[in-house]
Amino acid sequence: MTPNLVGRVREALRGDQRVDPDALIARLAAVRRFLEAADGQLPDTQLVPAHTLVERAGTRLALSRDHTVVALAGATGSGKSSLFNALARFELSPVGVRRPTTGVAHACVWGPLDGANRLLDWTGVLPRHRFVRESALDGDDESALHGLVLLDLPDFDSVQRSHRLEVDRLLGLVDLVIWVVDPQKYADRVVHTSYLREFHRHRDVTLVVLNQADRLPPAELPRVLADLRRLLDADELGGVPLLATTAVDPNGITELRATLERTVAERQAALRRLAGDVDTVVAGLEELVAAEPPTDVPDTGPSSGLTRALAGAAGVPAVAEAVEGAYRHRAAASTGWPLVRGWRRLRPDPLRRLHLPGPPTGGDAVDPAESPVAATSVPDPSAAQRSALGLAVRAVADRAGTDLPDPWATAVTTAARSRLGDLPDALDRAVAQTDLGLDRRPAWWRIVGGMQWLVTLAAVAGLGWLALGYALRALGLPALDYPRVGEAPLPTVLLLGGLLAGLLVAASTRPVVRWAARRARGRAEKRLTLAVGAVGQEHVVEPVRAVLARHGQAWQALRDAARR
């Protein structure tokens, strides 16, 4: 959303165009959606105006739509109480020399008081300060103002702070504000910088009157009005109605009374006030969302810095090295010379030392998902690895929040680090559950193992045959007639050939085992990297994506709220 979006919308739709109640309700619903998306992501202090708007707008729309609440606001001595009495044609609000004169708000209601009472209860005007304008003697003289609830506010420049606070509270609740200035203090800095300038998004429900115009010479009045118009233009209130009034002459309020009659007849002031409130809140929220919301977290794939850091912290290199050693250990136990296999089994399996899946004990592999997951003995990450992981997590947050405003960038960083405490256990569990590819013996192990058994049996048979012949000779029995292979007796050929063949088979398979072990290590490292990468996605990336999704929802809601 561009920073001046609300301004462009307001400029395009200024004038007497009516506010559609359904469109206003849709805009308020969009502000509510923004708050739901921003809840827990942005500081509460920055969302107070939006929460206040939603609460006030909901209450105002639920109250009487047939009444228009108009406030007379002004500085001490501006004559607003006199103007209030002149409009009511009764002495309802106290007028005096002592300042401040008006300490509490007074209300005058034209028409039935029933519907207006709920509004006055909401605004906080005390019952003893409420007056009903009409009586049976008026006839239809005041019918044009039926539905008007006119408030005389305390002086906003009062020396009593409670008066100023009451003014500020009521100015946030009324439907239309009539700012009353006098010829002596119409250019006062307080009224312009602290009040009028703050109402520049409420031009449709703002009216300025130069009261006590009778104190000016006729020739001076146009000049003062022109100077006041210049000040209003500087306050971004160009086009706001500016009237000259005097409370001492009934004809001096004719134009103001006619303006109030039109306002009451339109029944639009409350809607226009709320629309201006939405504009003000949306303009204040624009700085809390990016121009275009990011759609995803960049560079978090299998080869990202986050995955590499997670692999280091999870001990993936150590486990991969153990896989290579376990492959060679298990291959030697299956393909080595049967007479020395026993002592190899006395050496611990490298994976078992890490409490990772050891060699299969049966013909069928055990499904890791169906077996309990125990803690591994993978070495704890070093200080350098922990530091690298922290930097990688921070880098993910920084990349995701690059184009975001500071509050959302902070929320992204918080989300990225929100589950760091769960990472060690999650990484250990991921390593323990990863299929390392060693759950089955390769077929060629069985073939080579069978060959070793054959040549070993041949050597044993030759040795036994020779031992039998030696025993017969020792007992003086007839010697055995050994078959010969060339010049050598067959038993000798079997013994020496079996031994030599076993050595040759072992020597020829050793390079194959090393090559296959390296491949097993690579496959295991890839699987482990994917497993720890999934942990990173769940514990780091997904929380960041959730914040980005909330930002996208807030961004769209704010766009919807800006449409009039």
Side-chain angles (χ1 to χ4, degrees), residues 68-110 113 116 119-120 123-134 142 145 148-171 173-186 188 190-191 194-196 199 206-216 228 241-260 263-264:
T68 302
V69 183
V70 179
L72 294 173
T76 302
S78 61
K80 56 183 175 55
S81 296
S82 299
L83 194 61
F84 177 84
N85 293 334
L87 289 169
R89 298 175 184 173
F90 283 111
E91 292 295 324
L92 302 179
S93 187
V95 179
V97 177
R98 183 175 59 87
R99 302 297 185 229
T101 299
T102 307
V104 295
H106 292 73
C108 183
V109 179
W110 277 258
L113 190 60
L119 273 172
L120 292 173
T123 58
V125 178
L126 298 176
R128 65 176 179 270
H129 297 143
R130 304 175 188 177
F131 307 98
V132 179
R133 168 59 188 82
E134 293 178 279
E142 303 295 321
L145 290 179
L148 173 62
V149 179
L150 185 64
L151 303 183
D152 181 19
L153 303 187
D155 304 328
F156 59 68
D157 63 344
S158 172
V159 294
Q160 297 188 31
R161 186 170 182 269
S162 60
H163 292 186
R164 299 196 302 272
L165 294 177
E166 181 69 359
V167 171
D168 294 341
R169 185 184 69 83
L170 288 170
L171 286 177
L173 301 177
V174 300
D175 301 330
L176 184 143
V177 181
I178 299 176
W179 296 96
V180 182
V181 297
D182 62 90
Q184 287 75 32
K185 296 191 296 183
Y186 71 87
D188 184 70
V190 175
V191 67
S194 299
Y195 288 96
L196 286 172
F199 267 70
T206 299
L207 180 66
V208 180
V209 298
L210 178 66
N211 197 28
Q212 303 173 353
D214 56 300
R215 297 185 177 183
L216 291 172
L228 180 54
L242 173 61
L243 307 177
T245 61
T246 175
V248 298
D249 183 1
N251 294 325
I253 60 171
T254 302
E255 191 174 1
L256 175 59
R257 185 180 178 91
T259 300
L260 290 176
T263 300
V264 170

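Counting from 1, the numbers follow the sequence of the chain as shown.
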In the structure I gave you, are the side-chain heavy atoms of Leu153 and Leu72 within less than 4.5 Å of one another anywhere? no

Determine the minimum heavy-atom distance between Val109 and Ala116, stating which atoms define it. CG1-CB, 3.6 Å

Short side-chain to backbone donor-acceptor contact, Lys185 and Gly77, under 3.5 Å: no

Residues two or more places apart in sequence or in another chain: which of them pass side chain to side chain donor-acceptor pair (under 3.5 Å) with Arg164? none

Closest non-hydrogen contact found for Ser78 with Asp182 is CA-OD2, 3.7 Å

Take a 6.0 Å sphere around CD of Glu255 and say whether it holds more than 12 heavy atoms from other residues, nucleotides or ligands. no

Any Val208 side-chain heavy atom under 4.5 Å of Pro241 side chain: no

What pair of heavy atoms forms the shortest contact from Val125 to Ala107, and how long is it? CG1-CB, 4.0 Å

Here the pair of heavy atoms bringing Ala213 nearest to Ala244 is CB-CB, 4.1 Å

Between CG of Leu119 and CG of Leu173, what distance do you get to the nearest 0.5 Å? 10.0 Å

Identify which one of Thr259, Val70, Leu148, Val149 satisfies the side-chain contact (heavy atoms from CB on, under 4.5 Å) criterion when paired with Val264. Leu148

With rounding to the nearest 0.5 angstrom, report the CG to CD1 distance, Leu83 to Ile178. 7.5 Å

Val191 to Phe156 - nearest heavy-atom pair and separation: CG2-CZ, 3.4 Å

The side chain to side chain donor-acceptor pair (under 3.5 Å) partners of Trp110 (sequence neighbours excluded) come to Glu142

Distance check, rounded to the nearest 0.5 Å: Thr263 atom OG1 versus Leu207 atom CG? 7.5 Å

Spatial distance of atom CG (Leu171) from atom CD (Glu166) [nearest 0.5 Å]: 10.0 Å

Just say parallel, tilted or perpendicular for the rings of His129 and His106, cut-offs at 30° and 60°. tilted

Other residues, nucleotides and ligands only: do more than 12 of their heavy atoms fall within 6.0 Å of CZ on Arg215? no

Does the Lys80 side chain pair with the main chain of Ala75, one donor and one acceptor, at a distance under 3.5 Å? no

Can Ser81 and Asp152 be counted as having a side-chain donor-acceptor contact under 3.5 angstrom? yes

Supply the atom-to-atom distance Asp157 CG to Asp155 CG, rounded to the nearest 0.5 angstrom. 6.0 Å

If we only count heavy atoms from C-beta on, is the Leu170 to Thr123 side-chain gap below 4.5 Å? yes

How many angstroms lie between atom OG1 of Thr206 and atom CG of Leu196, to the nearest 0.5 angstrom? 8.0 Å

Any side-chain heavy-atom pair from Leu228 and Val181 closer than 4.5 angstrom? yes

Please walk me through it: do Thr245 and Asn211 pass side chain to side chain donor-acceptor pair (under 3.5 Å)? CA-CA 5 Å; Thr245 61; Asn211 197 28; 3.0 Å; yes

Please find the pair of heavy atoms, one from Cys108 and one from Ala88, that lie closest to each other, and give the distance. SG-CB, 3.9 Å

Between Trp179 and Leu210, is there a side-chain heavy-atom distance shorter than 4.5 Å? no

